[in-house]
K.L.:
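I have a structure I would like to understand better, so I am pasting it below and will then ask my questions one at a time.
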Amino acid sequence: MSAGPRYPLVFDERRDYPPDYAGPVHLWDIDKTYLSTHFSSTRGLLRIPVEFAIDKRAIPGMPEVLRGLRRGAGAGFACAPIYFVSASPPQLRPVLERKMLLDGVEHDGTVLKDWLRVLRGWTVWRLREQIGFKLCALLTARRSRPRAVEYLYGDDTEADALAYTLYAELLAGALRGAAIDAALTRAGVAALDVACVRRLVDEQPAAAGRVAGIFIHLEHGRLEPLRAFAQVSATRDAVQLALAALTAGQLGPAAVTAVGEAVVRARPDFDLEGSVADALQRGLVSEA
C-alpha cells in the first residue's frame, strides 16, 4: 500500500465480483441527476441531511432510466451493477435508500462524503468541493471490479464533465506521474486532495477497465461549456438520456418507452417530439 492521505469518504459495497468481471457498471450522481435537489446556497446544502424520503423528488423519468439500466438491453434480467456517488453525508444513506425503495430503484452501493471527518479535519472547504471528491470516490469504488466497463452519470452544476473526463484519462493512462498533479491543480483541486488521488492511482490494480460513456444532465441547459469534452453526451431530460443509453447498448426499447410515458405523465406540457428531434439532431441516437 502506498503512503499518503485518505479522502474522508464512506464506501458501502454490497456486491461481490469474480476477478475477471468485465461487464458494465453504472455510477450515478444523486443530486440534480437522479433527484431534483436544491442546494445553490449554504442554507440549502445544510438542509439536505434533515429531509425525509417523502420530501425528495426524482427528476421525471430518471427512476425509469435506472430501472431500465438495471434490467439491461437484452431479453433477460441483467441485474447490471448500479452505484450512487454523492457529496451527501453517510447519515443520509437511510433516507436516500428509502427514496430509492419508493421509486423501485435497486443499487449495489454508495460512496458518500464523510462530513464529520471533514469538519474534524478542519477542511470545511471540502463540503462544497466536488472534483477531488468525485475522483477519489470513483477510484475507491472501482477497486473491487478493475476490469469493468463504466458508464458515468452527472449534471452540469458541479463540474461533473471535467471530473469524469479526468477519471477516464486516469484509467486510460493518459495522465501519469507529475501530469496528474498538473491537471488536477489546473482543475482547482487542492494539494491535499491531489495527494489523495495520487495515492489511489498508485493503489489501482493493473487491469483493462475503462470509461465507455459519460452522460451529463443539463440542469442549466447550456451545451457550449460541454463541447470541449469529447466523451460527454449532454442530455436535456430523461428521454434524451434513455435514447443515449439505448445507443450505448445499455437500455432496451421498452425501457425508453417507459421513460417517455413517465415524463409525459409528470409534465403534460413536455415536448416529447421536440426532445427526440433534438436528440437526433445532436447524434445522441440514430434514425435507425
K.L.:
Surrounding CD of Glu224 (heavy atoms of other residues, nucleotides or ligands, distance under 6.0 Å), is the total greater than 12?
P.N.:
yes
K.L.:
Can a salt bridge be assigned to the pair Asp237 and Arg267 using a cut-off of 4.0 Å between side-chain N and carboxylate O?
P.N.:
no
K.L.:
Return the orientation label for the Phe133 and Tyr7 ring planes: parallel under 30°, perpendicular over 60°, tilted otherwise.
P.N.:
tilted
K.L.:
State the CZ-CG distance between Arg57 and Leu35, to the nearest 0.5 angstrom.
P.N.:
10.5 Å
K.L.:
Same cluster or not: Leu135 versus Trp125, using hydrophobic residues (I, L, V, M, F, W, Y) connected whenever any side-chain heavy atoms lie under 4.5 Å apart?
P.N.:
no
K.L.:
Do Asp193 and Cys136 come within less than 4.5 Å of each other through their side chains, counting heavy atoms only?
P.N.:
no
K.L.:
Distance-only, no hydrogens or angles: does the Thr123 side chain make a donor-acceptor pair with backbone N or O of Leu119 under 3.5 Å?
P.N.:
no
K.L.:
So which atom in Ala73 and which in Gly249 form the shortest heavy-atom distance, rounded to 0.1 Å?
P.N.:
CB-O, 3.5 Å
K.L.:
Is any side-chain heavy atom of Leu218 closer than 4.5 Å to a side-chain heavy atom of Leu226?
P.N.:
yes
K.L.:
Any salt bridge linking Arg236 with Asp278? Criterion: basic side-chain nitrogen under 4.0 Å from a carboxylate oxygen.
P.N.:
yes
K.L.:
Hydrophobic cluster membership, with links at side-chain heavy-atom distances under 4.5 Å among I/L/V/M/F/W/Y: are Val201 and Val194 in one?
P.N.:
yes
K.L.:
To the nearest 0.5 angstrom, please state how far the CD1 atom of Ile30 sits from the CG atom of Leu96.
P.N.:
4.5 Å
K.L.:
Taking the six-membered ring of Phe270 (Phe, Tyr or Trp), confirm whether the NZ or CZ of Arg265 is under 6.0 Å from its centre and within 45° of its axis.
P.N.:
no
K.L.:
Less than 6.0 Å separating the ring centroids of Tyr153 and His26?
P.N.:
yes
K.L.:
Kindly give the heavy-atom pair with the smallest separation between Ala245 and Phe215, and that separation in Å.
P.N.:
N-CE2, 4.4 Å
K.L.:
Is there a side-chain contact (heavy atoms from CB on, under 4.5 Å) between Tyr34 and Asp155 once you walk through the steps?
P.N.:
CA-CA 9 Å; Tyr34 161 39; Asp155 59 76; over 6 Å; no
K.L.:
Would a distance-only check, ignoring hydrogens and angles, find a side-chain to backbone donor-acceptor pair under 3.5 Å from Trp115 to Pro90?
P.N.:
no
K.L.:
To the closest 0.5 Å, what do you measure between CZ (Arg222) and CZ (Arg227)?
P.N.:
13.0 Å
K.L.:
Shortest non-hydrogen contact from Ala161 to Ile216?
P.N.:
N-CD1, 3.8 Å
K.L.:
Got a salt bridge between Glu169 and Arg210, using NZ or NE/NH1/NH2 to carboxylate O under 4.0 Å?
P.N.:
no
K.L.:
Gly68 and Leu251: which non-hydrogen atoms are nearest, and at how many Å?
P.N.:
C-CD1, 3.2 Å
K.L.:
Closer than 3.5 angstrom, by distance alone: can the side chain of Asp156 be matched with the main-chain N or O of Glu219 as a donor-acceptor pair?
P.N.:
yes
K.L.:
Quick check against the 3.5 Å criterion: does Arg176 have a side-chain atom that pairs as donor or acceptor with the backbone of Gly173?
P.N.:
yes
K.L.:
Using the rule side-chain contact (heavy atoms from CB on, under 4.5 Å), only one of Val85, Leu27, Val111 pairs with Lys134; which is it?
P.N.:
Val85
K.L.:
Where the side chain of Gln240 meets the backbone of Ser275, is there a donor-acceptor pair that is under 3.5 Å apart?
P.N.:
yes
K.L.:
Membership question, hydrophobic clusters at under 4.5 Å side-chain separation (ILVMFWY): are Leu139 and Val10 in the same one?
P.N.:
no
K.L.:
Quick check: closest heavy atoms across Tyr17 and Ser144, and the distance to 0.1 Å?
P.N.:
CB-O, 3.8 Å
K.L.:
How about Val197 and Val189: do any of their side-chain heavy atoms sit closer than 4.5 Å?
P.N.:
no
K.L.:
Between Tyr83 and Glu13, is a side chain to side chain donor-acceptor pair (under 3.5 Å) present by the stated rule, with each step listed?
P.N.:
CA-CA 9 Å; Tyr83 292 84; Glu13 172 66 90; 2.7 Å; yes
K.L.:
Is the backbone of Lys99 close enough, under 3.5 Å, to the side chain of Glu97 for a donor and an acceptor to pair up by distance?
P.N.:
no
K.L.:
Spell out, yes or no, whether Leu284 and Val256 are grouped together once hydrophobic residues are joined by side-chain heavy atoms under 4.5 Å, including indirect joins.
P.N.:
no
K.L.:
Between Thr110 and Arg93, is there a side-chain heavy-atom distance shorter than 4.5 Å?
P.N.:
yes
K.L.:
Step by step, work out the side-chain contact (heavy atoms from CB on, under 4.5 Å) result for Leu272 and Val263.
P.N.:
CA-CA 9 Å; Leu272 180 60; Val263 174; over 6 Å; no
K.L.:
Return the OH to CD1 distance between Tyr164 and Ile214, rounded to the nearest 0.5 Å.
P.N.:
8.5 Å
K.L.:
Salt bridge check: are Asp103 and Arg67 linked by an N-O gap of less than 4.0 Å?
P.N.:
no
K.L.:
In chain order, what residues pass the side chain to side chain contact (heavy atoms under 4.5 Å, CB included) check against Ala148, with sequence neighbours excluded?
P.N.:
Tyr21, Val25, Arg145
K.L.:
In plain terms, say whether Arg198 and Asp181 are close enough for a salt bridge, that is, a side-chain N and a carboxylate O under 4.0 Å apart.
P.N.:
yes
K.L.:
Can you find a pair of side-chain heavy atoms, one from Pro89 and one from Asp114, that are under 4.5 Å apart?
P.N.:
no
K.L.:
Taking the side chain as every heavy atom from C-beta outward, state whether Met62 and His217 have any pair of such atoms under 4.5 Å apart.
P.N.:
yes
K.L.:
I want to check something: taking the side chain as every heavy atom from C-beta on, are Tyr167 and Leu152 in contact at a cut-off of under 4.5 Å?
P.N.:
yes
K.L.:
For Glu64 and Arg71: C-alpha separation, side-chain torsions, deciding distance, then whether salt bridge (Lys or Arg N to Asp or Glu O under 4.0 Å) applies.
P.N.:
CA-CA 11 Å; Glu64 287 74 18; Arg71 173 169 290 280; over 6 Å; no
K.L.:
Test of understanding: clusters of I, L, V, M, F, W, Y form through side-chain heavy atoms closer than 4.5 Å, transitively. Do Val149 and Leu241 belong to the same one?
P.N.:
yes
K.L.:
Pairing donors with acceptors under 3.5 angstrom, does anything connect the side chains of Gln204 and Arg142?
P.N.:
yes
K.L.:
In sequence, state the C-alpha distance, the side-chain angles, and the governing distance for Leu162 and Ile131, and then conclude on side-chain contact (heavy atoms from CB on, under 4.5 Å).
P.N.:
CA-CA 8 Å; Leu162 176 56; Ile131 295 178; 3.6 Å; yes
K.L.:
If you measure from NZ on Lys56 to CE on Met100, what distance do you get to the nearest 0.5 Å?
P.N.:
10.0 Å
K.L.:
Does Ile82 reach the side chain of Val105, with side-chain heavy atoms less than 4.5 Å apart?
P.N.:
no
K.L.:
Under the criterion side-chain contact (heavy atoms from CB on, under 4.5 Å), I'd like the reasoning laid out for Phe84 against Ser86: C-alpha separation, chi angles, the key distance, then a yes or no.
P.N.:
CA-CA 6 Å; Phe84 287 98; Ser86 173; 5.9 Å; no
K.L.:
For residues Gly154 and Asp160, report the shortest heavy-atom separation together with the two atoms involved.
P.N.:
CA-OD2, 3.3 Å
K.L.:
Looking at Arg70 and Asp108, is any side-chain nitrogen of the basic one under 4.0 Å from a carboxylate oxygen of the acidic one?
P.N.:
yes
K.L.:
Any donor and acceptor pair, going by atom type alone, linking the side chain of Thr257 with main-chain N or O of Pro253 inside 3.5 Å?
P.N.:
yes
K.L.:
Measuring from atom CZ of Arg126 to atom NZ of Lys113, what distance do you get when rounded to the nearest 0.5 angstrom?
P.N.:
8.5 Å
